[in-house]
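Contents: one structure, followed by commentary.
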Amino acid sequence: MDTDLLSMRWRDGVFAHWRADPAVVARHLPDSVEVATHDGDAWLGIVAFVMEDIQPRGSPVGRSFPEVNLRTYVTRDGTSGVYFFSLDADDRLSVSIARSLYALPYYRARMHVDRDGDRLRLRSERDHAGEPRARLDLSYERVDGEASVPEADSLSAFLTENYRFFTRGTHLYRGDIAHEPWRLAPADATVHEESLFRAAGFEPPNGDPLVHVAAPLDVTAGTLTRVE
C-alpha cells in the first residue's frame with residue numbers, strides 16, 4: 001500500500017495505558033474486529049504528542065498542532081492494529097480533512113503544551129460542535145534510562161508497535177502508517193483531569209497508568225482501504 005500520502009513528525013509523545021476487561025472493550029467495538037489482548041488483558045490508552053510539519057505529498061507547507069487520542073488494540077483476520085475511539089486536535093482545518101478523507105473520529109479541541117524543565121504538561125478541552133465535551137490535563141516526564149526499542153512480544157511493543165489502524169464510518173476501513181520502531185523510556189505521569197473515557201462510553205480508569213515517553217520520529221501515512 002502507498003503510505004506516502006502524508007508526511008509528518010511526532011514529538012513529545014506519551015503513552016498512558018490502563019488494563020481493561022476484554023468483554024467491556026468488545027462492547028464498544030464493531031462486530032468486524034476483535035479485541036487484541038496481551039496475557040489475557042485488553043488495554044485502553046491515552047496517547048498524546050505534537051504532530052509537527054504535517055503535509056500532503058507535494059505540498060511545500062506543513063501544519064503543526066497537538067493531538068490526543070483514546071484507543072485500544074484489535075485484530076481482524078489475523079491482522080492487528082489500533083482502533084480509535086476519539087482523536088482530539090487543535091487545528092480546525094486538519095480535523096475537517098481527517099474526518100472527510102479518513103473517516104476518523106477527529107474532534108476540534110483547544111490545547112496547550114507547556115514545558116517546565118523536563119516535565120511537559122498538556123491541557124486539552126474538546127469544543128467540537130454537536131459532540132460530547134471532553135477534557136484532559138496530563139503532565140509527564142521520563143524517569144530514568146535511555147530511550148530504546150521495545151523487545152518483540154513485550155507488553156511495550158504490543159502497546160506501541162502498531163502500523164495499521166481501523167475505523168468505522170459507513171463501512172469498516174483500514175489505514176496504514178510507516179515509521180521506524182518507537183524508542184521508548186519509562187515515565188511518570190500525573191492525570192490532573194480526564195473525561196475522554198466517559199465521553200467514549202467507558203467508566204473512568206482506575207489506578208495509575210503504565211506510562212512511556214517516546215523519542216521523536218518521522219511518519220508517513222497512506223489512503224484508507226475499505227475492508228467490508
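Counting from 1, the numbers follow the sequence of the chain as shown.
Remark: the Thr190 side chain and the Arg119 side chain contain an N/O donor-acceptor pair separated by less than 3.5 Å. Donor-acceptor pairing under 3.5 Å is lacking for the side chains of Arg123 and His112.
Not counting sequence neighbours, the partners of Phe85 by the ring-ring contact (aromatic ring centres under 6.0 Å, His included) test are Tyr83, Phe202.
By the 4.5 Å heavy-atom criterion applied to side chains, Val74 and Phe166 are counted as neighbours. With a 4.5 Å cut-off on side-chain heavy atoms, Ile54 and Phe65 count as touching.
Between His17 and Tyr73, a ring centre-to-centre spacing shorter than 6.0 Å is recorded. Between Trp18 and Phe197, the ring center distance clears the sub-6.0 Å criterion.
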Report, one line per pair, each donor and acceptor closer than 3.5 Å where one atom sits in a side chain of residues 24-32; sequence neighbours left out.
residue	atom	partner	partner atom	Å
His28	ND1	Val24	O	3.0
His28	NE2	Gly201	O	3.1
Ser32	OG	Glu228	OE1	3.4

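Note on Asp176 versus Arg174: salt bridge recorded, some NZ/NE/NH1/NH2 to OD/OE distance being below 4.0 Å. Note on Asp91 versus Arg108: no salt bridge recorded, every NZ/NE/NH1/NH2 to OD/OE distance being 4.0 Å or above. In this structure, Asp41 pairs ionically with Arg19, as a charged nitrogen and a carboxylate oxygen lie closer than 4.0 Å. The existence of a salt bridge linking Arg110 and Asp127 is confirmed by a sub-4.0 Å separation between a basic side-chain nitrogen and an acidic carboxylate oxygen.
Among all heavy-atom pairs drawn from Val211 and Ala189, the shortest one is CG2-CB, 3.7 Å.
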Exercise. Begin with the C-alpha distance, continue with both residues' side-chain angles, and end with the deciding distance and a verdict on ring pair (Phe, Tyr, Trp, His ring centres under 6.0 Å) for His212 and Phe15.
Key: CA-CA 5 Å; His212 301 88; Phe15 296 84; 7.1 Å; no
Exercise. Show your reasoning for whether ring pair (Phe, Tyr, Trp, His ring centres under 6.0 Å) applies to Tyr106 and His128.
Key: CA-CA 9 Å; Tyr106 260 97; His128 196 107; 9.9 Å; no
